[in-house]
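The next block holds one structure in the form of C-alpha coordinates; read it before the comments.
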Amino acid sequence: MFKHTHPYKPFLFKEATKLIVGTLPPPRFTTGILKEGDVDFCYGSRDGQLWPILNTIFKLNLKFETTNTAIEQRKAFLKLRKIGICDIVASAERSKIDASDLGMQNIELRNILGYLQEYENVDTLIFTGGNSKNGPEYFFRKHLKANNLRLQVVSNEVPRIHEFKLLNSKNLLKQRTIKTISLTAPSGAANRAVGGLAAYKKLKSEDANFSTLDFRVLQYRPFF
(Lines give C-alpha, C1' and ligand atoms only; values in the text may rest on other atoms or scores of the structure.)
Protein backbone atom coordinates (compact mmCIF):
# COMPACT_ATOMS: atom_id res chain seq x y z
CA MET A 1 0.00 0.00 0.00
CA PHE A 2 1.21 3.50 -0.84
CA LYS A 3 0.91 5.98 2.06
CA HIS A 4 -0.37 9.13 0.39
CA THR A 5 0.38 11.97 2.81
CA HIS A 6 -0.60 15.55 2.09
CA PRO A 7 2.68 17.35 1.29
CA TYR A 8 1.50 20.85 2.27
CA LYS A 9 0.44 22.34 5.55
CA PRO A 10 -2.80 24.36 5.45
CA PHE A 11 -2.17 27.80 4.00
CA LEU A 12 -3.85 29.88 6.69
CA PHE A 13 -3.53 33.43 8.02
CA LYS A 14 -5.65 35.54 10.35
CA GLU A 15 -7.11 37.79 7.62
CA ALA A 16 -8.49 34.87 5.58
CA THR A 17 -12.25 34.97 4.99
CA LYS A 18 -12.49 32.01 2.59
CA LEU A 19 -10.95 28.56 2.57
CA ILE A 20 -10.48 26.36 -0.47
CA VAL A 21 -11.07 22.75 0.62
CA GLY A 22 -10.05 19.75 -1.48
CA THR A 23 -8.69 16.28 -0.77
CA LEU A 24 -5.14 15.34 -1.86
CA PRO A 25 -2.85 16.38 -4.70
CA PRO A 26 -1.52 13.68 -7.06
CA PRO A 27 0.88 11.21 -5.37
CA ARG A 28 3.93 12.68 -7.15
CA PHE A 29 3.59 15.76 -4.93
CA THR A 30 4.07 13.48 -1.91
CA THR A 31 7.07 11.70 -3.40
CA GLY A 32 8.53 14.95 -4.73
CA ILE A 33 8.95 13.65 -8.28
CA LEU A 34 7.22 16.50 -10.08
CA LYS A 35 6.59 16.88 -13.79
CA GLU A 36 7.69 19.78 -15.94
CA GLY A 37 5.05 22.49 -15.54
CA ASP A 38 4.03 21.46 -12.01
CA VAL A 39 4.14 24.12 -9.30
CA ASP A 40 5.29 22.86 -5.89
CA PHE A 41 2.29 24.30 -4.07
CA CYS A 42 -1.37 23.55 -3.39
CA TYR A 43 -3.27 22.70 -6.61
CA GLY A 44 0.00 22.94 -8.52
CA SER A 45 -0.51 19.95 -10.82
CA ARG A 46 0.01 20.89 -14.45
CA ASP A 47 -3.10 18.80 -15.21
CA GLY A 48 -5.31 20.69 -12.73
CA GLN A 49 -7.43 23.69 -13.65
CA LEU A 50 -7.83 25.69 -10.45
CA TRP A 51 -4.91 28.03 -11.10
CA PRO A 52 -5.66 28.37 -14.83
CA ILE A 53 -9.23 29.30 -13.86
CA LEU A 54 -8.10 31.91 -11.32
CA ASN A 55 -5.44 33.12 -13.74
CA THR A 56 -8.17 33.76 -16.30
CA ILE A 57 -10.63 35.38 -13.90
CA PHE A 58 -8.12 37.78 -12.33
CA LYS A 59 -5.65 38.16 -15.24
CA LEU A 60 -2.78 37.18 -12.94
CA ASN A 61 -0.16 36.34 -15.57
CA LEU A 62 0.90 33.37 -13.45
CA LYS A 63 3.92 31.26 -14.24
CA PHE A 64 3.26 27.54 -14.60
CA GLU A 65 6.65 26.13 -13.75
CA THR A 66 8.51 24.49 -10.87
CA THR A 67 10.03 27.65 -9.44
CA ASN A 68 9.85 29.71 -6.25
CA THR A 69 8.56 32.61 -8.33
CA ALA A 70 5.49 30.60 -9.32
CA ILE A 71 4.86 29.66 -5.68
CA GLU A 72 5.22 33.23 -4.43
CA GLN A 73 2.84 34.52 -7.12
CA ARG A 74 0.14 32.21 -5.83
CA LYS A 75 0.74 33.02 -2.18
CA ALA A 76 0.62 36.76 -2.89
CA PHE A 77 -2.68 36.38 -4.74
CA LEU A 78 -4.24 34.33 -1.94
CA LYS A 79 -3.22 36.83 0.72
CA LEU A 80 -4.46 39.75 -1.34
CA ARG A 81 -7.86 38.11 -1.82
CA LYS A 82 -7.95 36.77 1.78
CA ILE A 83 -8.24 33.17 0.59
CA GLY A 84 -6.71 30.29 2.53
CA ILE A 85 -6.34 26.64 1.57
CA CYS A 86 -7.05 23.78 3.94
CA ASP A 87 -7.58 20.43 2.21
CA ILE A 88 -9.55 18.05 4.38
CA VAL A 89 -7.53 14.85 3.88
CA ALA A 90 -4.31 14.55 5.88
CA SER A 91 -3.38 11.12 4.52
CA ALA A 92 -4.73 7.97 2.90
CA GLU A 93 -3.50 4.62 1.66
CA ARG A 94 -3.69 3.44 -1.93
CA SER A 95 -3.33 0.03 -3.55
CA LYS A 96 -2.97 1.80 -6.91
CA ILE A 97 -0.80 4.90 -7.08
CA ASP A 98 -3.05 7.44 -8.75
CA ALA A 99 -5.01 10.58 -7.87
CA SER A 100 -8.48 9.00 -7.72
CA ASP A 101 -10.52 10.07 -4.70
CA LEU A 102 -12.36 6.74 -4.82
CA GLY A 103 -9.04 4.89 -4.51
CA MET A 104 -8.31 6.33 -1.07
CA GLN A 105 -8.45 3.92 1.90
CA ASN A 106 -7.79 4.25 5.65
CA ILE A 107 -8.33 7.98 5.38
CA GLU A 108 -7.27 10.45 8.06
CA LEU A 109 -9.03 13.80 8.00
CA ARG A 110 -7.82 17.18 9.12
CA ASN A 111 -9.76 18.95 11.85
CA ILE A 112 -11.32 21.66 9.71
CA LEU A 113 -13.64 22.75 12.51
CA GLY A 114 -10.65 23.25 14.76
CA TYR A 115 -9.05 25.51 12.16
CA LEU A 116 -12.31 27.45 11.83
CA GLN A 117 -12.31 28.04 15.58
CA GLU A 118 -8.76 29.38 15.34
CA TYR A 119 -9.26 31.53 12.23
CA GLU A 120 -12.37 33.45 13.20
CA ASN A 121 -12.68 35.60 10.07
CA VAL A 122 -13.41 32.64 7.80
CA ASP A 123 -17.06 32.66 6.73
CA THR A 124 -16.93 30.63 3.49
CA LEU A 125 -15.64 27.18 2.53
CA ILE A 126 -15.13 26.53 -1.17
CA PHE A 127 -15.15 22.80 -1.92
CA THR A 128 -13.29 21.75 -5.07
CA GLY A 129 -15.82 19.00 -5.69
CA GLY A 130 -19.21 17.89 -4.50
CA ASN A 131 -20.79 15.23 -2.31
CA SER A 132 -19.78 12.17 -4.33
CA LYS A 133 -17.97 9.51 -2.29
CA ASN A 134 -14.57 10.68 -1.02
CA GLY A 135 -15.08 14.19 -2.32
CA PRO A 136 -14.40 17.20 -0.06
CA GLU A 137 -18.06 17.90 0.70
CA TYR A 138 -18.61 14.20 1.45
CA PHE A 139 -15.78 14.19 3.99
CA PHE A 140 -16.84 17.49 5.50
CA ARG A 141 -20.34 16.15 6.09
CA LYS A 142 -18.80 13.22 7.98
CA HIS A 143 -16.66 15.66 9.94
CA LEU A 144 -19.73 17.72 10.88
CA LYS A 145 -21.75 14.64 11.84
CA ALA A 146 -19.01 13.53 14.21
CA ASN A 147 -19.40 16.91 15.90
CA ASN A 148 -23.24 16.83 15.95
CA LEU A 149 -23.52 19.44 13.20
CA ARG A 150 -25.07 19.34 9.75
CA LEU A 151 -25.32 21.39 6.59
CA GLN A 152 -28.53 23.26 5.77
CA VAL A 153 -29.46 23.82 2.13
CA VAL A 154 -29.29 27.39 0.81
CA SER A 155 -29.39 26.52 -2.91
CA ASN A 156 -29.60 23.05 -4.46
CA GLU A 157 -28.60 24.20 -7.93
CA VAL A 158 -25.04 23.50 -9.10
CA PRO A 159 -22.87 24.81 -7.56
CA ARG A 160 -24.78 23.80 -4.41
CA ILE A 161 -24.65 26.17 -1.45
CA HIS A 162 -25.14 25.19 2.20
CA GLU A 163 -24.52 26.74 5.58
CA PHE A 164 -24.02 25.71 9.19
CA LYS A 165 -23.72 27.39 12.57
CA LEU A 166 -20.46 27.14 14.47
CA LEU A 167 -20.29 27.90 18.18
CA ASN A 168 -17.33 29.84 19.50
CA SER A 169 -15.29 27.39 21.59
CA LYS A 170 -14.29 30.19 23.99
CA ASN A 171 -17.73 31.73 24.30
CA LEU A 172 -20.64 29.35 23.82
CA LEU A 173 -23.07 32.27 23.61
CA LYS A 174 -21.48 33.34 20.35
CA GLN A 175 -21.84 31.59 17.01
CA ARG A 176 -21.21 32.42 13.38
CA THR A 177 -22.75 31.22 10.14
CA ILE A 178 -20.38 29.61 7.68
CA LYS A 179 -21.37 29.11 4.06
CA THR A 180 -20.14 26.24 1.89
CA ILE A 181 -19.99 26.23 -1.90
CA SER A 182 -19.50 22.97 -3.82
CA LEU A 183 -17.90 23.79 -7.16
CA THR A 184 -17.44 21.42 -10.06
CA ALA A 185 -14.02 19.82 -9.47
CA PRO A 186 -11.16 21.57 -11.31
CA SER A 187 -9.57 18.26 -12.31
CA GLY A 188 -9.24 16.92 -15.82
CA ALA A 189 -11.08 13.80 -14.66
CA ALA A 190 -14.20 15.91 -14.08
CA ASN A 191 -14.35 17.12 -17.69
CA ARG A 192 -16.67 14.28 -18.66
CA ALA A 193 -19.11 15.29 -15.93
CA VAL A 194 -18.96 18.91 -17.09
CA GLY A 195 -19.62 17.81 -20.66
CA GLY A 196 -22.82 16.09 -19.52
CA LEU A 197 -24.29 19.17 -17.85
CA ALA A 198 -27.24 20.76 -19.63
CA ALA A 199 -25.89 24.25 -18.94
CA TYR A 200 -22.56 23.37 -20.58
CA LYS A 201 -24.26 21.76 -23.59
CA LYS A 202 -26.36 24.89 -24.14
CA LEU A 203 -23.34 27.21 -24.07
CA LYS A 204 -21.36 24.83 -26.29
CA SER A 205 -24.18 24.80 -28.84
CA GLU A 206 -24.03 28.59 -28.97
CA ASP A 207 -20.24 28.71 -29.31
CA ALA A 208 -18.30 25.75 -30.71
CA ASN A 209 -15.10 27.09 -29.11
CA PHE A 210 -16.61 27.11 -25.61
CA SER A 211 -14.56 24.77 -23.39
CA THR A 212 -14.86 23.03 -20.03
CA LEU A 213 -12.34 25.58 -18.72
CA ASP A 214 -14.60 28.41 -19.91
CA PHE A 215 -17.52 26.79 -18.11
CA ARG A 216 -15.62 26.60 -14.85
CA VAL A 217 -14.49 30.21 -15.19
CA LEU A 218 -18.15 31.24 -15.38
CA GLN A 219 -19.05 29.03 -12.40
CA TYR A 220 -16.11 30.00 -10.17
CA ARG A 221 -16.03 33.77 -10.80
CA PRO A 222 -18.85 34.77 -8.38
CA PHE A 223 -17.27 32.92 -5.44
CA PHE A 224 -13.71 34.22 -5.52
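Since the structure is predicted, the reported quantities are computational estimates derived from the model, not experimental observations.
- Put simply, the residue from Asp98, Asp47, Asp40 that forms a salt bridge (Lys or Arg N to Asp or Glu O under 4.0 Å) with Arg28 is Asp47.
- Contact annotation: the side chain of Ile161 approaches that of Phe223 to within less than 4.5 Å [non-hydrogen atoms, C-beta and beyond].
- The line from CG of Leu50 to SG of Cys42 is 10.0 Å long, rounded to the nearest 0.5 Å.
- The distance from atom CG of Asn55 to atom CG of Asn61, rounded to the nearest 0.5 Å, is 7.0 Å.
- For Asn134 against Asp101, the heavy-atom pair with the smallest separation is ND2-O, 2.8 Å.
- Closest of all the heavy-atom pairs between Lys63 and Gln73 is N-OE1, 2.7 Å.
- Using a 4.5 Å cut-off on side-chain heavy atoms (C-beta onward), Pro7 and Pro25 make contact.
- Leu62 and Tyr220 fall within the same hydrophobic cluster, where Ile, Leu, Val, Met, Phe, Trp and Tyr residues are linked whenever their side-chain heavy atoms come under 4.5 Å apart, directly or through other members.
- Leu12 and Ile20 fall into different hydrophobic clusters, where Ile, Leu, Val, Met, Phe, Trp and Tyr are joined by side-chain heavy atoms under 4.5 Å apart, directly or via other members.
- A continuous path of ILVMFWY side-chain contacts below 4.5 Å connects Leu60 to Leu213, so both sit in one hydrophobic cluster.
- Both Val194 and Leu203 are part of a single hydrophobic cluster, where members link through side-chain heavy atoms under 4.5 Å apart.
- No side-chain heavy atom of Ile97 sits less than 4.5 Å from a side-chain heavy atom of Thr31.
- Geometrically, Arg46 does not engage Phe29 in a cation-pi contact defined by less than 6.0 Å to the ring centre and at most 45° from the axis.
- No donor-acceptor pair under 3.5 Å is formed between the side chain of Ser182 and the backbone N or O of Phe127.
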Under 3.5 Å, sequence neighbours excluded: what are the donor-acceptor pairs made by side chains of residues 147-160?
{"unit_1": "Asn147", "atom_1": "ND2", "unit_2": "His143", "atom_2": "O", "d": "2.8"}
{"unit_1": "Ser155", "atom_1": "OG", "unit_2": "Glu157", "atom_2": "N", "d": "3.4"}
{"unit_1": "Arg160", "atom_1": "NH2", "unit_2": "Glu137", "atom_2": "OE1", "d": "3.3"}

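- Thr128 is not listed as a side-chain neighbour of Leu183, based on a closest heavy-atom distance of 4.5 Å or more.
- Here the CD1 atom belonging to Ile181 is positioned 11.5 Å from the NE2 atom belonging to His162, to the nearest 0.5 angstrom.
- Side-chain atoms of Ser132 do not come within 3.5 Å of backbone N or O of Gly135 as any donor-acceptor pair.
- Residues forming a ring-ring contact (aromatic ring centres under 6.0 Å, His included) with Phe2 (at least two apart in sequence, or on another chain): His4.
- Closest non-hydrogen pair, Ile107 versus Ala92, comes out as CG1-CB, 4.0 Å.
- At a threshold of 4.5 Å between non-hydrogen side-chain atoms, the residues Asp207 and Asp214 do not count as touching.
- Separation of atoms NZ (Lys174) and CG (Leu166) is listed at 11.5 Å; rounding is to 0.5 Å.
- Dense packing is recorded around CD of Glu206, with more than 12 heavy atoms of other residues, nucleotides or ligands lying under 6.0 Å away.
- Listed by first and then second residue, the side-chain hydrogen bond (donor to acceptor under 3.5 Å, both in side chains) pairs that reach into residues 186-195 are Asn191-Thr212, Asn191-Arg216, sequence neighbours excluded.
- Side-chain heavy atoms closer than 4.5 Å link hydrophobic residues (I, L, V, M, F, W, Y) into clusters, and following such links, possibly through other members, connects Tyr138 to Ile112.
- When all heavy atoms of Lys3 and Ser91 are compared, the closest pair comes out as CE-OG, 3.5 Å.
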Could you tabulate the donor-acceptor pairs under 3.5 Å formed by side-chain atoms of residues 75-88, not counting sequence neighbours?
{"unit_1": "Arg81", "atom_1": "NH2", "unit_2": "Phe224", "atom_2": "O", "d": "3.1"}
{"unit_1": "Asp87", "atom_1": "OD1", "unit_2": "Gly22", "atom_2": "N", "d": "2.8"}
{"unit_1": "Asp87", "atom_1": "OD1", "unit_2": "Tyr43", "atom_2": "OH", "d": "2.7"}
{"unit_1": "Asp87", "atom_1": "OD2", "unit_2": "His6", "atom_2": "NE2", "d": "2.8"}

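- Looking at heavy atoms from C-beta onward, Asp123 lies out of side-chain contact with Thr177 at the 4.5 angstrom threshold.
- Looking at heavy atoms from C-beta onward, Leu109 lies in side-chain contact with Val89 at the 4.5 angstrom threshold.
- Note that CD of Glu65 and CD1 of Ile71 are 10.0 Å apart. Values are rounded to the nearest 0.5 Å.
- The neighbour count for Lys204 NZ, taken as heavy atoms of other residues, nucleotides or ligands under 6.0 Å away, is above 12.
- The residue from Met104, Arg110, Lys133 that alone fulfils the side chain to side chain contact (heavy atoms under 4.5 Å, CB included) condition with Phe139 is Met104.
- By the ring-ring contact (aromatic ring centres under 6.0 Å, His included) test, Phe210 pairs with Tyr200, sequence neighbours left out.
- With Thr66 contributing its side chain and Asp38 its backbone, the two residues share a donor-acceptor pair below 3.5 Å.
- How far CG of Leu125 is from CD of Glu163: 12.0 Å, rounded to the nearest 0.5 Å.
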List the atom pairs, with distances to 0.1 Å, where a side-chain N or O of residues 113-122 and a protein N or O form a donor-acceptor pair under 3.5 Å, not counting sequence neighbours.
{"unit_1": "Gln117", "atom_1": "OE1", "unit_2": "Ser169", "atom_2": "N", "d": "3.1"}
{"unit_1": "Gln117", "atom_1": "NE2", "unit_2": "Leu167", "atom_2": "O", "d": "2.6"}
{"unit_1": "Asn121", "atom_1": "ND2", "unit_2": "Lys14", "atom_2": "O", "d": "2.7"}

